[in-house]
Amino acid sequence: AQLPAAQPHFTGRHARVAQLMTAITTADGRVPPIVTVTGVGGVGKTALALHAAHRLADRYPDGQLYVDLRGAGPEPADPVEVLVTFLTALGFPEGEIPETLDERAALFRSVVADRRLLLLLDNAASAAQLRPLIPGTPGCAVLATGRAALWGLGAGADVDLDVLEPQEA
């Protein structure tokens, strides 16, 4: 249950929340549902994703994983290290985690294969940073945020977030 606390005064974005919820809950069941939320810094991507993630959490009884990928900063998080964090959070012994990105990604997919997990991958630099962190089974779901477009992930919904409309603000 790694999700940070949701904003206590979340407002507006009703259509966007519904869009995220629908994309996750009506997935076809063949692949993990993936939803991306992109937009300029400070527009509320993380707040929206957290709000939706908390509303979805009960559908994922095996847990919710969260990571700030630091994509807007000078040193984005390395997926190799993120996978260690995820695997140890899921109970895998750190001393048994392989060294390479491909091996760690494959192990992560194996460990989560029979689980129902929600992943919130916040502040991604690129789709390439996200790919090794995406589970391979439909029991899991992914919400990813970033400033740049996150194309090529097979996302069920790509939400391009803008400033709040005056009636929502």
Side-chain angles (χ1 to χ4, degrees), residues 1-7 10 13 16-17 19-21 23-24 27 31-57 60 62-92 94 97-112 115-137 139-162:
Q2 295 181 347
L3 294 177
Q7 296 293 326
F10 185 85
R13 307 262 193 228
R16 295 302 195 182
V17 170
Q19 183 181 5
L20 269 72
M21 301 290 290
I24 296 286
V31 296
I34 302 169
V35 175
T36 63
V37 181
T38 57
V40 299
V43 78
K45 300 176 296 293
T46 298
L48 173 64
L50 271 173
H51 182 75
H54 280 281
R55 291 185 61 192
L56 290 163
Y60 297 92
D62 294 321
Q64 304 84 42
L65 298 175
Y66 171 85
V67 64
D68 178 357
L69 294 168
R70 303 186 315 268
E75 294 185 37
D78 187 339
V80 171
E81 297 305 318
V82 173
L83 286 166
V84 171
T85 302
F86 282 175
L87 287 164
T88 56
L90 294 168
F92 199 85
E94 188 170 349
I97 297 173
E99 292 299 316
T100 70
L101 176 61
D102 289 343
E103 291 173 319
R104 286 180 181 181
L107 177 60
F108 175 67
R109 290 189 303 271
S110 294
V111 168
V112 304
R115 298 185 189 198
R116 295 188 48 77
L117 295 169
L118 176 64
L119 282 75
L120 177 46
L121 307 176
D122 193 23
N123 198 15
S126 66
Q129 184 188 31
L130 293 173
R131 270 188 206 96
L133 308 175
I134 307 283
T137 54
C140 298
V142 176
L143 286 169
T145 71
R147 290 186 181 182
L150 300 170
W151 303 110
L153 295 173
D158 295 304
V159 176
D160 186 26
L161 207 56
D162 203 350

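From a predicted model like this one, the values you see are computed outputs, not experimental measurements.
Looking at Val111 and Phe86, their side chains never come closer than 4.5 Å, going by heavy atoms from C-beta outward. Under the 4.5 Å side-chain criterion, counting only non-hydrogen atoms from C-beta, Val37 is not in contact with Arg16. No side-chain heavy atom of Leu117 sits less than 4.5 Å from a side-chain heavy atom of Pro135.
Lys45 contributes a side-chain N or O that, together with a main-chain N or O of Gly39, makes up a donor-acceptor pair within less than 3.5 Å. Between the Arg104 side chain and the Pro98 main chain, a donor and an acceptor come within less than 3.5 Å of each other.
By the ring-ring contact (aromatic ring centres under 6.0 Å, His included) test, His51 is found to be paired with Phe10, residues two or more places apart in sequence or in another chain being considered.
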Ignoring hydrogens and angles, write down the donor-acceptor pairs under 3.5 Å from the side chains of residues 71-85, residues two or more places apart or on other chains.
{"unit_1": "Asp78", "atom_1": "OD1", "unit_2": "Val80", "atom_2": "N", "d": "2.9"}
{"unit_1": "Thr85", "atom_1": "OG1", "unit_2": "Glu81", "atom_2": "O", "d": "3.3"}

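Between Leu107 and Phe92, the closest heavy-atom pair is CD2-CE2, 3.5 Å. Of all non-hydrogen atoms in Ala141 and Tyr60, the two that sit nearest each other are CB-OH, 3.3 Å. Of all non-hydrogen atoms in Arg70 and Asp68, the two that sit nearest each other are N-OD1, 2.9 Å. Pairing each heavy atom of Leu118 with each of Ala53, the nearest pair is CD2-O, 3.7 Å. Considering every non-hydrogen atom in both Gln2 and Ala89, the closest pair reads NE2-CB, 3.3 Å. Nearest heavy-atom pair across Ala157 and Gln19 is CB-NE2, 4.4 Å.
Taking OG1 of Thr137 as the start and CZ of Arg116 as the end, the distance is 10.0 Å to the nearest 0.5 Å. Going from atom CG of Leu150 over to atom CD1 of Ile34 covers 10.5 Å, rounded to the nearest 0.5 Å. Atoms CG and CG, from Asp62 and Leu90 in turn, are 9.0 Å apart once rounded to the nearest 0.5 Å.
Partner of Thr145 under the side chain to side chain contact (heavy atoms under 4.5 Å, CB included) criterion, out of Leu50, Asp122, Leu121: Asp122 alone.
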